[in-house]
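To start, the structure itself, in structure tokens.
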Amino acid sequence: MTSFQKEVYSALRKIPRGFVTSYGEIANYLDTKAVRAVGTAVGKNPNAPEVPCHRVVPISGAIGKYSGKGGVSTKIRLLAEEGVFVEHDHIKDFSHHFYRFNKGV
DNA sequence: TACATGACTATCC
DNA sequence: GGGATAGCCATGT
């Protein structure tokens, strides 16, 4: 477990239910441009049920990927359970469900 | 230490 | 809007 991963997981837990955020947003919250590294850290996700990794999607509004059971299908299902529906591999009202961190508040 | 890989993003066409 | 290319940082071998 690296310090970087702790930062990432900590940020993921801040994401409220029914909302999603992007890797870039997390990177920005951590004051870094390592969006790739964020994806790598989230991908490992040793705390799957403890971290809402399914609430993280690419800024493009697509689904991205999911290392958990069922893969992307499960990710989409989980989001739907929280009120975030997906249509044609794209989140509906993405900007409306997009969550922004409270940086420095 | 150096190289290769990856749940990405921005830019160009 | 979609496909391709370059840049990016951290991790693992």
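Just the heavy atoms: all of them, side chains too, but no hydrogens, waters or symmetry mates, feed the values below.
- A straight line from NZ of A/Lys65 to P of B/dT5 spans 14 Å, rounded to a whole angstrom.
- When the P atom of C/dC9 is taken as reference, atom CD of A/Glu7 falls 17 Å away, rounded to whole Å.
- Taking atom CD1 of A/Ile26 as the reference point, atom C1' of B/dT9 lies 14 Å away to the nearest angstrom.
- The side chain of A/Arg36 lies closest to B/dG6 when the candidates are B/dG6, C/dA10, B/dT9.
- As rounded to whole Å, 11 Å separates atom C1' of B/dG6 from atom OH of A/Tyr23.
- No side-chain donor-acceptor contact under 3.5 Å links A/Lys14 to the backbone of A/Phe101.
- Within the 3.5 Å criterion, the main-chain N or O of A/Tyr99 finds a donor-acceptor partner in the side chain of A/Thr21.
- Look at NZ on A/Lys33: it is 17 Å from C1' on C/dA6, rounded to the nearest Å.
- Remark: C1' of C/dA10 and CD of A/Gln5 are 9 Å apart, rounded to the nearest angstrom.
- We find that CD1 of A/Ile59 is positioned 9 Å from C1' of B/dT9, with the value rounded to whole Å.
- Panel note: side chain A/Tyr9, backbone A/Cys53; no donor-acceptor pair is recorded below 3.5 Å.
- For A/Phe4, whose side chain is taken as the heavy atoms from C-beta onward, the closest listed nucleotide among C/dC9, B/dT9, C/dA10 is C/dA10.
- Residue A/Ala37 places its side chain closer to C/dA10 than to any other of C/dA10, B/dA10, B/dC8.
- No side-chain donor from either of A/Glu7 and A/Ser10 sits under 3.5 Å from a side-chain acceptor of the other.
- Looking at which nucleotide of DNA chain B each of A/Ser22 and A/Thr40 is closest to, the 5′-most match is held by A/Thr40.
- Summarising the geometry, the separation between NZ on A/Lys6 and P on C/dA10 is reported as 16 Å, rounded to the nearest angstrom.
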